Each structure stands twice: as structure tokens, then as C-alpha cells.
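Chain naming here is simple, since letters A, B, ... match the order of the sequence lines and numbering starts at 1 in each. Small disclaimer: the values here were computed from a predicted structure and weren't measured.
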Amino acid sequence: MAVVQAIQSAVSKEIASLFQVTLEPSAIQINETKPEFEGDYTVVLFALVKSLRKSPEALGKELGEQLVAAQPGLFTKFNVIKGFLNLTLSENYWLEFLHGNYNNPQYGRHPHRGEKVMVEYSSPNTNKPLHLGHLRNNFLGWSIAEIYKANGYDVVKTCIVNDRGVHICKSMLAWQKFGNGATPQTTGTKGDHLVGDYYVKFENELKAQTAPILEKVMAGTIEGFSTEDADKLQLFLGKLPQLEGNKEKTAEIHEEIRDIVRNNTPIMKEVREMLLKWEQGDAATMALWKEMNSWVYAGFDETYKRIGSDFDKIYYESDTYLLGKDLVEEGLKKDVFFQKEDGSVWIDLTADGLDQKIVRRRDGTSVYITQDIGLAVFKYNEYKCDESIYVVGDEQNYHFKVLKLIAQKLGLPAADGIFHLSYGMVELPTGKMKSREGTVVDADDLVDGMVDIARQKTEELGKVKDFNESELAGLYDTIGLGALKFFLLRVDPKKRMVFNPEESIDFHGFTGPFIQFTYARTSAILRKEQPKNTPSTSALLPLEKNVIIELEKYPAVLEQARIEMNPSAIAVYTYKLAQTFSTFVTALRVLTAETEEKKELRLQLCQMAVNVIGSSMHILGIRVPERM
RNA sequence: GGACCGGUAGCUCAGCUGGAUAGAGCAGCUGCCUUCUAAGCAGCAGGCCAUUGGUUCGAAUCCAAUCCGGUUCACCA
């Protein structure tokens with residue numbers, strides 16, 4: 001049993017026997033004792049004072065004496081300072097804990113509980129390569145899946161590929177126009193990058209076509225627009241003079257005007273025609289689409305393999321975008337949805353503090369949310385997961401709130417199990433990354449850069465000169481990716497984070513490589529000698545005890561990380577553990593310890609530290625090297 | 001305008017289900033490599049925890065208001 005729970009139930013029991021008062025063990029507040037006081041864990045007495053009608057000092061003394069007398073296996077000493085009862089746990093408790101767990105590679109992991117959870121993450125678009133934001137997403141998704149596994153869940157990792165729509169047609173059209181038959185083979189370009197290049201070319205052409213029309217419109221000449229668009233333009237133009245001085249509003253209106261103009265360029269009309277052809281299944285369009293997508297997938301596979309992302313099941317939007325239509329009918333029958341005069345179908349969420357939301361257009365086609373609900377049902381039918389976690393950026397918070405609400409109102413199975421793991425954007429010091437402006441940090445480039453820095457640093461230190469080429473390459477990958485993953489995972493997912501490409505990601509301090517280094521240097525000790533599994537009775541030095549106390553927290557950390565859906569809890573813990581262990585292992589000798597008994601104890605500490613660090617780093621998706 | 005999220009050291013972040021004197025790393029400054037890996041260890045310095053008020057024996061943590069930053073409120077996905 002975890003030490004905190006053990007203390008709580010002991011305190012609860014002794015309070016009952018002393019004062020005939022029943023207290024829930026979980027209601028008793030236990031903190032770690034601050035280093036400046038003597039003791040391991042502390043009972044906060046203030047909360048108990050009222051119900052027991054005692055002064056904190058008197059209560060602390062009575063309770064402390066009773067605990068030590070009644071439970072000598074657990075407690076050996078106590079002291080009371082102000083309202084705090086500081087307890088020293090018996091050495092035996094810690095030693096038995098160490099001896100019982102040091103060699104258990106499963107330590108901290110929860111046994112099978114027979115519940116199934118689906119984690120959907122990555123969700124790439126097939127019109128451009130992965131970028132820094134995708135990396136945060138992939139690392140979070142992979143880690144959340146591992147966190148659930150460690151807590152005894154069965155996990156299905158899925159990915160929905162956004163492989164259809166206007167954005168794909170943009171790349172296709174640009175390739176047709178400007179590509180001259182270029183392929184990844186003929187150009188030597190990774191497929192996803194090649195397709196992404198044509199997306200950029202499209203945007204450039206679009207910009208070029210927009211500019212002259214926009215100029216005319218701003219000058220008041222509105223020609224060649226549908227009456228609807230022309231009316232809108234008139235309206236916006238009319239608003240502009242009234243907004244003198246309101247920069248924000250003016251910019252908004254300009255944006256609206258630009259959007260309308262953009263949609264009326266010849267090239268956008270071509271794109272829409274292409275999308276229509278795609279939807280009608282036109283053979284040539286489909287062939288081009290399939291070929292370009294296959295280039296992209298080959299590129300993605302390479303990147304996924306490199307960063308260690310994998311999926312049990314990949315869904316393609318082209319297969320699933322028509323799902324959910326029958327759900328609209330069902331929702332109408334159940335009066336969850338309602339129809340407006342123009343034929344469009346809506347749901348009214350004003351009672352839940354949200355707005356009315358459209359679920360089917362007047363032309364009968366379904367919208368994003370409807371497709372997503374259809375996919376949710378589809379996935380449930382296939383895997384019957386109790387929970388479904390969507391790893392998606394926080395700009396979609398509203399969408400997922402609506403998604404869950406609609407699912408609940410439709411009475412869909414596992415609707416309550418829908419969770420949005422929302423994470424903040426990765427920003428540059430200059431602000432948001434924008435693919436249109438070419439300010440995205442490319443995933444492949446970033447990984448290459450990190451691995452290259454790992455190589456430089458390793459060469460400078462010169463500690464692995466006997467490694468062969470493939471061992472070296474593996475080590476550089478381990479360290480470079482370790483630094484990158486740890487950097488992105490150590491921050492609370494819901495917070496935005498800043499990445500400065502000018503400053504390289506650190507390899508010292510609160511970083512992946514530091515933890516990897518701790519693992520490697522400890523492995524070096526264990527290569528020379530292994531614990532013999534003899535129980536220890538020797539008195540624990542503070543530095544030794546600190547490590548054991550830290551190791552004891554691991555199962556609780558795993559559980560907390562699952563409840564909060566927060567890999568950063570594990571990153572922070574692992575760093576603290578590595579730091580505590582490093583202090584211990586630099587100050588005290590292991591192989592040349594004072595006595596044989598001390599050596600055995602410290603070897604067990606090394607073994608358990610290596611196990612827990614290895615396990616927690618695995619959960620973060622980070623490999624640990626035996627040497628570095 | 002409504003809803004949601006954030007504001008802690010020069011920088012990047014922990015701590016937030018209320019508890020003792022506010023915690024790391026980076027950057028800066030001191031020491032420590034003939035003995036298990038110095039990607040390390042030991043130390044110094046650095047804080048009106050955005051502001052104001054409230055609840056409480058006790059508030060960075062809970063509540064309210066305000067200020068700043070972000071996201072969103074599409075018949076795009």
C-alpha cells in the first residue's frame with residue numbers, strides 16, 4: 001500500500017481508539033515533511049482540531065505518542081511544531097519497500113482492469129508535411145496512450161487522416177498546373193514535402209490573382225461577382241469609412257473583403273470544380289488524388305517511424321465524411337434536432353449556455369460536427385471503447401463541447417466517455433506559425449536539427465568512441481529526440497508554449513538528456529555488479545532515504561497523470577527522481593561502499609532507480625541509453 | 001459582446017483538491033574531474049505569485065471584480 005494511504009488509515013484508526021471519533025482516512029491531510037524539520041511525512045492537525053476540540057499541540061502530542069506506541073512497524077519518532085505532527089517512519093518500512101520492489105520491472109503499473117479506451121491523435125492533413133504543432137500532438141497522444149496502459153487499460157490508438165477537401169485539391173491543382181509531372185522519385189523530395197510545396201505554390205498563385213481584383217474592389221469597382229457576394233462587398237465597403245481609427249475592426253472588414261475576393265479568383269473556381277469532380281468520382285481526378293496521397297503517406301510513414309508514433313487503426317476522412325447522415329434523421333425523430341423553413345437542420349444548445357448549431361445544410365450535405373459524430377458511432381461499433389480521448393488543439397474546445405453534448409442528447413453509447421485532451425498552440429517568439437506565410441517549423445527539419453546537436457555534443461564529450469556507426473546513429477537519435485520530446489511534454493498540455501528556433505533546446509538541467517545521462521551512469525554501475533537480493537537492515541542515510549521516498553511515489557504519479565490526462569506530471573516527477581538520485585550517487589560510493597551491506601542496499605537503489613526512470617521515460621516515448 | 005483558457009524570478013516552467021520561510025532549470029557568479037560517466041554535484045544571487053476586495057486560524061492556491069494576453073462563437077475542416 002502506498003505510504004500516504006498507510007499513514008492516513010493509521011491516523012484514522014488511532015483517532016478512533018483515542019477519541020471515539022470516526023474520520024475518513026482520505027480526509028486526513030498528509031504532506032511531505034519540509035526538509036528543515038525532522039520527519040518524513042506530516043499530519044496537518046488544524047483541520048482535526050475543531051471536531052476533536054483540542055489544541056493543535058495537545059492533539060499532536062497525544063496522537064504522536066499513540067501512533068508510535070500502537071504502530072511501531074510504521075512509526076518510530078514524532079515531533080509537533082505549531083499545528084503539524086511530523087512523523088518519522090521506521091527504517092524497516094522503507095527497507096522492506098525497497099527490497100520488495102527494486103527488481104520488479106512492473107512496479108507502479110496497475111493490473112488489467114478490463115476497460116478499453118481509444119486515443120485519437122495526430123490527425124494530419126495530406127496537403128502538407130507535419131510541423132512542430134503536430135509533434136506536440138503526437139507526443140501527447142502517444143504518451144497518454146501509454147499512461148492509460150500503465151494504469152491497466154486496453155488502449156486503441158487511432159488517427160483520422162484529413163485526406164479530402166478543398167485544401168487537398170489546392171495541392172493537386174497546383175501540381176497539375178506547375179508540376180510538369182514531378183514526383184518524389186524524379187525530384188528526390190520526400191513525398192509530403194513535395195505535395196506541401198505545391199500547396200505553397202497554389203497559395204502564391206492565389207495571392208497573385210487576388211491582388212488586382214482586390215485593388216479594383218477597394219477602388220469601388222465590383223464586377224464579376226454573384227449578386228450575393230456583390231451585396232456583401234458593398235455592405236463591407238460602406239462600413240469602412242465609419243470605422244476610422246478602429247484598427248481591429250477595420251482589419252476584420254478587410255479580411256472579410258479579401259476572403260470574398262479570394263473565393264472569386266479563377267484559380268479558386270478551378271479548385272471548386274475539382275472538388276466537385278472528386279465528389280462525383282471522376283476517374284482522372286481520383287487517380288491523381290490517390291497518387292499524390294500515396295506520396296504523402298510514404299513521407300508521413302518515414303516521419304512517424306522516426307518520432308516513434310504508431311496507430312492501431314487509421315481512419316480516412318474520405319471513407320467517413322458521409323457518416324452521420326442517418327443520425328440526423330434519428331435526431332429529428334427524437335426531437336433533439338429541429339428543421340428550419342429552408343430545410344437546414346439544427347440543434348438548440350442555448351439551454352446549455354451555447355448557441356444554435358447547424359448539423360445539416362439546406363442542400364442536404366452534412367457539416368464537420370455531424371461527420372465527427374458519425375465517426376464516433378462508427379468507431380464505437382468497431383471497438384466498443386468505454387472512453388474516447390481526442391487529442392486536438394484548444395482552438396477546437398467549443399467543437400468538442402458541442403460534440404459531447406449532441407452525443408449525450410442523442411443517447412449515444414459511451415457519450416459520457418468522450419474527452420477532449422485540449423492542448424495549447426506552440427508559438428514562435430514572433431507569434432503564431434502560419435503556413436501561408438511560411439513561418440512553420442517543419443517537423444523533419446526540427447528532428448534533424450536536434451539529432452545533429454546531439455551528435456555534436458556527443459563528439460565533444462568523446463565518451464563513446466568505441467561505438468560503431470549504427471550504434472552512434474542510434475544514440476544520436478535517442479538523445480536528440482529525447483531532448484525534443486521532453487521539451488514538449490514537460491509543459492502542462494493546456495498551456496500555450498513558446499519555441500524559439502534561434503535558441504537550441506537545452507541538453508542540461510530539466511531536460512531529457514539529463515535524465516538519460518542519469519540512467520546511463522547508473523547502468524554503468526550495474527554492469528559491474530548487480531544486487532544479490534539480500535534484505536538490508538542497515539541504518540539509512542538521509543540521501544538514501546530521499547531516493548526511496550521519491551521512488552515510492554511513482555504509482556501515485558502514474559495514477560494522477562491518468563486522472564489529469566497530463567504527461568507533464570510524469571516528466572516533472574522523473575526529473576525530480578533523477579535529480580534526487582544524482583545527488584545520492586555523486587555523494588556516496590556504491591561499489592566501494594563502507595560495508596558489504598551498504599553496497600547491497602545501494603545496488604538495490606540503483607536497480608530500482610533504473611527501472612523507474614526507464615519505465616517513466618518509456619511512458620513519455622523517450623528511449624534511455626545504456627551508455628552516452 | 002458571450003463562453004473558455006492563461007498571467008509565479010531576466011527567460012522557460014513546477015506548485016493550484018487551502019497549510020510551515022515560494023520551487024526547479026536556463027542565463028549570471030563561486031567551488032569540485034588520478035577512485036562507479038562533470039550532459040553532473042555543492043553553493044551564491046535573483047519574487048508586492050497581474051491588481052483590488054472577500055471567505056478562513058491560515059490564500060500563489062477558493063470566491064468576486066478589474067487589467068493584460070490568447071482561443072472561440074462559420075451552411076471551413
Side-chain angles (χ1 to χ4, degrees), chain A residues 26 29 31 33-34 36-37 42 44-47 49-50 56 81-84 86 123 125 160 162 164-167 259 317 321 340 342 344-346 353-355 357-363 365-369 371-372 393-399 401-402 422 424-425 427 429 431-432 454 457-458 460-461 463-464 479 483 487 490-492 494-500 503 505-518 520-529 568-569 571-573 575-576 578-579 582-593 602-603 606 627-628:
Chain A
S26 59
Q29 196 185 343
N31 294 345
T33 304
K34 298 241 163 195
E36 53 272 35
F37 303 105
T42 296
V44 181
L45 299 167
F46 299 104
V49 163
K50 260 188 199 160
I81 296 169
K82 293 200 245 171
F84 301 96
N86 300 322
S123 342
N125 289 344
I160 172 84
N162 222 308
R164 63 161 284 280
V166 204
H167 50 296
D259 276 350
E317 203 190 286
Y321 80 111
K340 289 195 177 176
D342 67 359
S344 57
V345 180
W346 296 70
L354 305 176
D355 305 310
K357 192 88 188 162
I358 191 159
V359 295
R360 191 173 73 189
R361 299 185 186 99
R362 62 171 179 252
D363 64 7
T365 57
S366 62
V367 295
Y368 176 40
I369 192 101
Q371 296 167 27
D372 244 14
D394 62 6
E395 67 271 16
Q396 296 206 38
N397 284 354
Y398 179 75
H399 172 77
K401 206 185 254 182
V402 172
S422 161
M425 239 175 287
E427 287 177 12
K432 270 207 251 181
K457 301 218 176 210
T458 306
E460 275 166 31
L461 291 169
K463 290 192 280 195
V464 287
I479 298 173
F487 175 81
R490 65 177 211 193
V491 180
D492 188 335
K494 70 171 176 289
K495 292 199 178 176
R496 282 183 294 141
M497 60 185 297
V498 178
F499 170 78
N500 188 349
E503 297 169 18
I505 292 171
D506 240 296
F507 282 61
H508 298 271
F510 184 15
T511 67
F514 163 65
I515 297 167
Q516 291 172 323
F517 170 74
T518 308
R521 77 195 303 212
T522 311
S523 299
I525 296 173
L526 290 166
R527 269 197 299 277
K528 295 191 173 140
E529 194 163 345
S568 80
V572 169
Y573 165 76
Y575 172 66
K576 182 81 199 309
Q579 203 184 31
S582 267
T583 300
F584 152 76
V585 89
T586 25
L588 299 172
R589 308 258 85 208
V590 176
L591 298 176
T592 52
R602 290 177 192 165
L603 281 170
C606 287
R627 292 178 55 193
M628 69 184 275

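For A:K401 and B:rA3, the shortest distance from a side-chain N or O to OP1 or OP2 is not below 4.0 Å. Taking 4.0 angstrom as the limit, A:R361 places a side-chain polar atom (N or O) nearer than this to OP1 or OP2 of B:rC76. Remark: A:K495 is in phosphate contact with B:rA14, judged by side-chain N or O atoms under 4.0 Å from OP1 or OP2. Residue A:Q396 has no polar side-chain atom (N or O) positioned under 4.0 Å from OP1 or OP2 of B:rU72. Taking side-chain N and O atoms only, A:H508 has no distance below 4.0 Å to OP1 or OP2 of B:rC26. An OP1 or OP2 oxygen of B:rA42 is reached within less than 4.0 angstrom by a side-chain nitrogen or oxygen of A:T583. OP1 or OP2 of B:rA38 sits under 4.0 Å from a side-chain N or O of A:R521.
By the stacking rule of 5.5 Å between ring centres and under 30° between planes, A:Y398 does not stack on the base of B:rA3. Both stacking criteria are satisfied for A:F37 over the base of B:rA20: a centre-to-centre distance under 5.5 angstrom and an angle between ring planes under 30 degrees. We find that the ring of A:F46 and the base of B:rG19 stack, their centres lying under 5.5 angstrom apart and their planes tilted less than 30°.
Note: A:L45 CG to A:I81 CD1 = 11.5 Å, rounded to the nearest 0.5 Å. Annotation: the span from A:K463 atom NZ to A:K457 atom NZ amounts to 12.0 Å, rounded to 0.5 Å.
Looking at A:D259, its side chain has no donor and acceptor atom pair within 3.5 Å of the base of B:rA74. Taking only distance into account, the side chain of A:T511 never meets the base of B:rA39 through a donor-acceptor pair shorter than 3.5 Å. Between the base of B:rA42 and the side chain of A:T586 there is no donor-acceptor pair shorter than 3.5 Å.
Using a 4.0 Å heavy-atom criterion, one finds that A:I479 contacts the bases of the nucleic acid, with or without backbone contacts as well. A:K494 comes within contact range of the sugar-phosphate backbone alone, with a heavy-atom separation under 4.0 Å but no base atom that close. Using a 4.0 Å heavy-atom cutoff across all strands shown, A:E317 reaches sugar-phosphate atoms only and no base atom. Within 4.0 Å of A:R527, counting heavy atoms only, lies no atom of the nucleic acid at all. If you check every strand for non-hydrogen atoms under 4.0 Å, A:K34 touches a base. At the heavy-atom level, A:T458 lies under 4.0 Å from base atoms of the strands shown. In this structure, A:L588 reaches the bases: a heavy-atom distance under 4.0 Å links it to at least one base atom across the strands shown. Within 4.0 Å (heavy atoms only), A:D363 reaches no atom of the nucleic acid at all. Contacts of A:Q516 with the nucleic acid, taken as non-hydrogen atoms under 4.0 Å apart, are absent. Within the nucleic acid shown, A:F514 comes within 4.0 Å of sugar-phosphate atoms alone, with no base atom in reach, counting heavy atoms only. Residue-level contact check: A:M628 touches the bases, meaning some heavy atom is under 4.0 Å from a base atom. Note on A:V49: nothing from the nucleic acid sits closer than 4.0 angstrom, heavy atoms only. Within the nucleic acid shown, A:T42 comes within 4.0 Å of at least one base atom, counting heavy atoms only.
Within a 6.0 Å radius of CZ in A:R362, no more than 12 heavy atoms belonging to other residues, nucleotides or ligands are found.
Sequence order on RNA chain B of the closest nucleotides to A:T33 and A:I525 puts A:T33 first from the 5' end. Residue whose closest nucleotide on RNA chain B sits further toward the 5' end, between A:A520 and A:H167: A:A520.
Annotation: cation-pi geometry satisfied between A:R490 and A:F510 (NZ/CZ under 6.0 angstrom from ring centroid, within 45° of ring axis).
B:rU17 is unpaired under the criterion used here, namely a Watson-Crick or G-U wobble arrangement in which both key atom distances are under 3.5 Å. With a cut-off of 3.5 Å on both Watson-Crick or G-U wobble distances, the partner of B:rA64 is given as B:rU52. Across all strands shown, B:rA45 forms no Watson-Crick or G-U wobble pair with both key distances under 3.5 Å.
Checking B:rG40, B:rC75, B:rA39 against every side-chain atom of A:V367, the shortest atom distance belongs to B:rC75. If you check B:rG25, B:rG70, B:rA20 against the side chain of A:Y575, the one that comes closest is B:rG25. When distances run from any side-chain atom of A:A524 to the nucleotides B:rU37, B:rU21, B:rA39, the shortest one goes to B:rU37. Among B:rA38, B:rC36, B:rC13, the nucleotide with an atom closest to any side-chain atom of A:V491 is B:rC13.
Side-chain atoms of A:S344 do not come within 3.5 Å of backbone N or O of A:K340 as any donor-acceptor pair.
Applying the 90° cutoff around 0 to the glycosidic angle, B:rC33 is assigned syn.
Here the P atom of nucleotide B:rC57 and the CZ atom of A:F84 are 16 Å apart, to the nearest Å. Atom pair A:M425:CE and B:rG69:C1' shows a separation of 12 Å (rounding to whole Å applied).
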